[in-house]
Structures are given as C-alpha cells and as structure tokens.
Amino acid sequence: QVQLVESGGGLVQPGGSLRLSCAASGFTFSSYMMSWYRQAPGKERELVARITSIGGSTNYADSVKGRFTISRDNAKNTVYLQMNSLKPEDTAVYYCKAGLYFWGKGTLVTVSS
C-alpha cells in the first residue's frame with residue numbers, strides 16, 4: 001500500500017534551518033507530483049511547495065519563497081524540503097503529499113527561542 005513517512009522535524013531557533021524528508025513506497029514515485037503542506041494550530045492546511053514528477057518545475061507559497069527549497073531523488077523515492085531562515089510563523093505540522101490523494105502523517109516543526 002501507499003506509504004509516505006516524513007522525518008526531520010523538531011525544535012529550532014528563529015533563523016535556523018531544518019531539512020525534512022519524505023520517504024515514499026507502494027507506488028511509482030517518479031510518476032507523481034510531490035508536495036509539502038503545513039498546518040499551524042487553529043489554521044487550515046496550506047500548500048508550501050510542490051515539484052513535478054521529474055523535478056523540472058517547482059512552486060512555492062509566497063510566505064516561503066527564497067527561504068525553502070523542495071527537491072526530490074527519484075532513485076531514493078524521497079522528496080525533501082530544505083527550510084532556511086526559519087521564523088516562528090513557520091511552526092506547524094508539515095505533511096508530504098503524493099499526487100492528489102495520498103498523505104503522510106506529518107512531522108512537527110517548532111520555531112522558537
């Protein structure tokens with residue numbers, strides 16, 4: 001069955017960096033657009049970044065442009081989110097999504113001093 005397992009979350013100080021990973025299995029990873037979403041407490045889930053199946057095109061939310069980078073390794077069935085210059089407002093549970101329907105369980109990122 002489809003599995004998406006996020007890792008790399010944690011507590012980081014403002015201005016710090018984290019790299020999230022999402023390991024995929026159970027489907028043809030290289031054929032799927034992959035996305036990162038996040039949901040902060042009391043807020044709706046929002047798109048953070050997405051990358052096409054062969055990695056040729058990426059899109060970002062305005063709030064993370066220039067700070068976050070999405071990438072993928074189709075040989076490892078893994079998608080990454082490099083997050084730099086983190087702000088307290090980046091605190092959220094970050095979810096990996098494959099295509100339109102498949103979600104991971106999320107990893108918590110807390111940005112606080």
Side-chain angles (χ1 to χ4, degrees):
Q1 71 275 22
V2 173
Q3 280 197 313
L4 297 168
V5 180
E6 301 95 336
S7 61
L11 174 63
V12 62
Q13 292 187 340
S17 298
L18 281 176
R19 188 175 84 153
L20 306 183
S21 300
C22 172
S25 61
F27 64 101
T28 306
F29 178 78
S30 59
S31 298
Y32 279 70
M33 175 175 286
M34 298 298 297
S35 307
W36 285 98
Y37 283 71
R38 68 185 180 187
Q39 187 166 18
K43 296 189 176 181
E44 293 187 354
R45 195 172 295 189
E46 62 175 356
L47 175 67
V48 175
R50 59 188 176 192
I51 186 167
T52 54
S53 57
I54 59 171
S57 181
T58 56
N59 296 100
Y60 296 91
D62 287 343
S63 58
V64 307
K65 279 181 183 176
R67 300 189 298 122
F68 291 11
T69 303
I70 188 171
S71 61
R72 66 190 296 160
D73 186 336
N74 286 344
K76 295 183 177 179
N77 286 0
T78 302
V79 62
Y80 305 97
L81 186 68
Q82 177 67 44
M83 305 186 296
N84 299 329
S85 301
L86 283 160
K87 305 175 181 180
E89 51 263 44
D90 295 317
T91 294
V93 177
Y94 284 72
Y95 298 90
C96 175
K97 183 181 181 183
L100 297 178
Y101 305 114
F102 304 123
W103 292 91
K105 294 185 178 181
T107 185
L108 177 63
V109 172
T110 304
V111 184
S112 175
S113 55

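The basis for the numbers below is simple: all heavy atoms, side chains too, and nothing from hydrogens, waters or symmetry mates.
- Distance alone, capped at 3.5 Å, places no donor-acceptor pair between the Arg45 side chain and the Ala40 backbone.
- Distance alone, capped at 3.5 Å, is enough to place a donor-acceptor pair between the Thr107 side chain and the Gly9 backbone.
- Listed here is the closest heavy atom pair of Thr78 and Ala23: OG1-CA, 4.1 Å.
- The two residues Ala49 and Tyr60 come nearest to each other via the heavy atoms CB-CD2, 3.6 Å.
- Here the straight-line distance linking atom CZ of Arg72 with atom CZ of Phe29 works out to 4.0 Å at 0.5 Å rounding.
- Here the OG-CG distance, from Ser30 to Asp73, works out to 11.5 Å after rounding to the nearest 0.5 Å.
- The distance from atom OG of Ser25 to atom CD of Gln3, rounded to the nearest 0.5 Å, is 4.5 Å.
- Listed by first then second residue, pairs satisfying side chain to side chain donor-acceptor pair (under 3.5 Å) with a partner in residues 79-94 read Ser17-Asn84, Arg38-Asp90, Arg38-Tyr94, Arg67-Asp90, Gln82-Asn84, not counting sequence neighbours.
- Think of Trp103 as one node in a network of Ile, Leu, Val, Met, Phe, Trp and Tyr side chains linked at under 4.5 Å; its network also takes in Tyr37, Leu47, Val93, Tyr95, Leu108.
- Between atom OG of residue Ser21 and atom CG of residue Leu81 there is a gap of 9.5 Å, rounded to the nearest 0.5 Å.
- Between Ser71 atom OG and Arg19 atom CZ the span is 7.0 Å, to the nearest 0.5 Å.
- A search for ring-ring contact (aromatic ring centres under 6.0 Å, His included) contacts involving Phe68 returns nothing, not counting sequence neighbours.
- Taking every heavy atom of both residues into account, Ile70 and Ile51 meet most closely at CD1-CG2, 3.7 Å.
- For the pair Cys96 and Leu4, the tightest heavy-atom approach, listed with the atom from each and the gap, is O-CD1, 3.9 Å.
- Scanning both residues, Tyr32 and Ala98, for their nearest heavy atoms gives CD2-C, 4.0 Å.
- Here the CE atom belonging to Met34 is positioned 14.5 Å from the OG1 atom belonging to Thr58, to the nearest 0.5 angstrom.
- Side chain of Glu6 to backbone of Gly106: a donor-acceptor contact under 3.5 angstrom is found.
- Here the closest heavy-atom approach between residue Pro14 and residue Ser113 is recorded as CD-N, 3.7 Å.
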